Structure formats: structure tokens, C-alpha cells
Amino acid sequence: MSSFKQEPHKLLVIPGPIEVADEVLYANAHPSMSHMSADFVPVLGDCIRMTREVLYTTTAQPFIIAGSGTFGWDQVAANLTEPGDSVLLLNSGYFGDNFTECLRAYGAEVDEVRANFGAAADLGEVAKALNAKKYKLLAFTHVDTSTGVLSDAKAIAETVKRVSPDTLVVVDGVCSVGSEEIRFDAWGIDVVLTASQKGLGTPPGLSILVAGQRAIKAYEARTRPVASYYGSWKKWIPVMQAYEKGSAAYFATPPVNLIYAYHASLTQITKGSPSLEERFALHRQASKRVKDAVAALGLKQLPFDSAFAANGMTAVYFPEGIKASDIVPRMLQKDVVIAGGIHKDHKDEYFRIGHMGITVANPERGDIDKIISALKESLAEAFASKKSA
Ligand SMILES: *Cc1c(COP(=O)(O)O)cnc(C)c1O
């Protein structure tokens with residue numbers, strides 16, 4: 001199988017989907033299998049076990065379900081809140097806005113601690129909010145992909161434990177799992193939700209959510225039925241437990257091939273070289289290289305303190321007089337695909353580069369060099385064309 005090589009293509013370095021390893025794409029091309037077959041059962045079972053390893057948890061319950069990252073918000077809202085329940089959401093950008101919108105769609109009463117643009121929510125304000133009112137659940141975006149802001153998950157969880165220990169801590173890790181360290185058990189996190197196509201290096205299509213035993217107990221203690229059919233943990237817990245124990249169970253057909261692909265990526269992440277710890281270190285190194293190069297070009301980043309800048313992506317303001325149409329197509333001509341801005345109030349002011357997965361874990365690919373030199377050249381060309389205009 002190792003002879004399989006994907007076709008030459010432009011380097012995909014947006015903050016997800018990302019570049020996918022040949023082995024992972026090849027696994028996705030597995031012959032079609034019955035989801036109930038004895039061959040497939042341990043594949044999903046292993047995915048459940050390896051997902052725990054990525055988050056350093058031994059007791060939490062993973063859910064691996066067809067869907068995108070967004071479906072994790074629905075699972076949290078439907079299973080962990082009832083209409084009228086209070087939620088505190090730490091909003092550091094576009095994805096915070098949307099998580100709030102999803103929670104409200106299920107009837108949760110959401111209060112927000114809104115961070116300044118380019119910053120994470122202030123922990124003092126979070127403590128004050130937790131003191132002022134009882135919240136069933138606190139949720140935050142670990143890396144807000146619209147700003148590249150990294151929230152301090154450990155410190156937030158500590159604050160909750162200190163001020164309001166019964167409040168569940170829910171982490172949107174769609175843009176952080178696999179590229180930022182998350183110590184689920186040690187930090188006292190209750191839910192991490194993510195997706196296959198960002199730091200986990202798999203094509204899009206899987207919603208991956210990990211719920212700790214406190215969250216499962218809170219779900220079991222609810223008084224009203226879950227307001228979702230496809231997303232109900234009542235349906236999925238027996239399925240996940242059966243596959244992990246080695247037998248098939250059916251609620252809704254899993255995306256069998258994608259689970260083979262996820263298995264191949266998780267095998268590289270948890271059993272391969274670099275190790276998981278080394279992988280996080282490589283993300284920090286690659287991120288520093290990109291951020292240093294951006295700074296050397298005289299460009300400013302959105303996170304205004306490197307203490308809360310993500311390691312799996314970089315968000316950069318365009319310089320004076322330059323806009324997305326000056327840079328993004330020039331990068332594309334150099335076979336590098338980057339993303340524009342998406343933050344509602346600032347989307348035309350900046351661009352985003354993803355550096356996750358094999359782009360950083362396999363430095364021999366030279367992806368980071370390619371990104372930096374394409375950016376340098378594109379910027380020089382853009383300035384030159386302005387001058388001559
Ligand atoms: C990408 C992303 C989502 C949404 O995930 P989809 O797979 O696009 O549904 C949610 N939260 C964060 C932080 C993200 O980066």
C-alpha cells in the first residue's frame with residue numbers, strides 16, 4: 001500500500017481542511033465494508049480508544065459520528081442543556097458567536113463574556129460572572145479559527161473548579177485537538193468537541209466529541225427528553241460502547257470509509273513518530289517560524305499577545321493598501337492555498353494560514369518554507385504592482 005501517492009496538488013494550508021497523508025487517503029479508499037462486519041468493528045473500537053489517547057483521558061466517552069464540527073455544538077446543546085438552563089459562553093470570535101446561536105436554538109439561556117478582538121476572555125471577568133449566577137455549563141472556543149486566539153483551557157478549567165465547581169466545562173476544540181495539548185482528565189474538562197479535518201488530519205465528515213463521566217451523569221440526570229433524534233446520546237452511547245467492546249450495533253450507518261481514514265491518521269498521531277508530545281512541540285516550532293517570518297515582513301497579527309496565539313494557525317493583518325485580492329490569488333499562483341478573514345466585523349482586514357497535521361509533523365515536506373517564501377514573494381509583487389499603478 002505504501003506505493004500509493006496522491007496526485008500533485010496545491011498546498012492546502014487553510015485552518016482546515018488540511019493536507020492529508022497518503023496513508024490516510026489510501027485508507028479512505030478501503031473496499032466497501034459492512035458496518036456490522038467483524039473486520040470493521042475493531043477499526044471503530046480502536047478509533048474510540050485512540051481518540052481518548054489524544055486527549056489524555058482514560059475514562060471519558062468518545063462519540064464518533066458522521067457530521068462536521070458544528071454537530072458537536074448540537075450534541076452539547078441537545079444532550080447537556082434543557083430549555084431555560086444557564087450557559088456562560090466565553091466568546092473570542094466568530095465560532096463563539098455561532099456556538100451561542102446553536103445553544104439558544106435549543107432554548108438555553110446564554111450569557112457571554114466577550115473578549116476584545118484579538119484577545120481571549122479575561123479570567124477575572126469569567127470568575128465574576130460565575131460568582132454572580134449559577135451556570136450549568138461554561139463553554140469556550142479553544143482556538144477561535146476566526147482570530148487565531150488561543151484560550152488558556154487549563155486556567156479556565158481551574159477558575160471554574162475554584163468558583164463554581166458544579167459547572168460543566170465544555171471546550172470547542174475543532175481547531176485545537178491534535179495541535180494544542182489538552183489534558184482532559186488532569187485539567188478537569190468535561191467535554192471536548194472536534195472534527196476530523198483540522199488537527200486530526202483526516203478528510204472532513206466526522207464529528208468527534210469526548211464526554212467525561214460528569215457530563216454523562218448530567219445528561220442522565222436531565223428531566224426532559226433530548227430535543228434531537230440523530231444527536232441523542234441515548235442512541236449513540238450503546239453503539240459506541242458495543243464497538244469498543246468488540247461487537248457491532250446499529251443506530252445510523254457510520255461513514256465506514258472515513259473511519260478507516262481516521263484510524264490511519266490516529267495511528268500516526270498516537271503510535272507513530274513524532275510522538276504526541278513531540279507533535280505539540282513541532283506545532284509550537286512551526287508556529288514560531290511562521291509568526292517570526294510574518295513579523296520580519298513587518299506584518300501585524302490579530303492576537304495582540306503571543307501568550308494567546310494559536311500554534312496551529314496564524315492570523316495576519318494585511319499591510320496598509322493591500323487587500324485579500326492582492327495576496328490570496330498570488331499565493332494560489334505559487335500553489336499555496338490560504339484563507340481570508342471570517343470575523344464578522346473585520347473579515348476584509350486579515351488572512352489566515354493553517355499549520356497543522358503533516359505540514360508540521362513531517363518537516364521533511366518543506367511546507368513551512370514553501371508558505372514563508374510564497375508569502376514573501378506575493379507581498380513583494382503586491383507592493384510592486386501598487387507602486388507601478
Ligand atoms: C471549523 C470550526 C468549527 C466548525 O466546524 P465544521 O466542521 O466547519 O462544522 C467550529 N468551531 C471551531 C473552533 C472551528 O474552527
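Because the structure is predicted, anything quoted here is derived from the model rather than measured. Atoms within each ligand, like the ligands themselves, are counted from 1 in listed order.
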Chemist: Do Y135 and D111 pair up side chain to side chain, a donor and an acceptor below 3.5 Å, judged on atom types alone?
Modeler: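 Per modelled atom types, Y135 and D111 side chains form a pair under 3.5 Å.
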
Chemist: Compute both the distance and the angle, then confirm whether K198 meets the cation-pi test with F95: under 6.0 Å from the six-membered ring centre, within 45 degrees of the axis.
Modeler: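 Yes, a cation-pi geometry.
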
Chemist: Whether D85 and R224 form a salt bridge (side-chain N of Lys/Arg under 4.0 Å from carboxylate O of Asp/Glu) is what I want to check.
Modeler: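 Salt bridge flag = no for D85 with R224.
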
Chemist: Using the side chain to side chain donor-acceptor pair (under 3.5 Å) rule, take S287 and K291 through it: C-alpha gap first, then chi angles, then the decisive distance, then the call.
Modeler: CA-CA 6 Å; S287 177; K291 288 171 173 63; 2.8 Å; yes

Chemist: Mind jotting down which residue pairs meet the ring pair (Phe, Tyr, Trp, His ring centres under 6.0 Å) criterion with at least one end in residues 318-337? Sequence neighbours excluded, please.
Modeler: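 Non-adjacent pairs meeting ring pair (Phe, Tyr, Trp, His ring centres under 6.0 Å): F318-F351.
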
Chemist: Mind checking what residues have non-hydrogen atoms under 4.0 angstrom from ligand 1?
Modeler: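 Residues S68, G69, T70, W73, F95, T141, V143, T145, D172, V174, C175, Q197, K198 each place a heavy atom under 4.0 Å from ligand 1, listed by chain and number.
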
Chemist: Judged by modelled atom types alone, do H355 and T314 share a side-chain donor-acceptor pair under 3.5 Å?
Modeler: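 T314 and H355 do have a side-chain donor-acceptor pair below 3.5 Å.
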
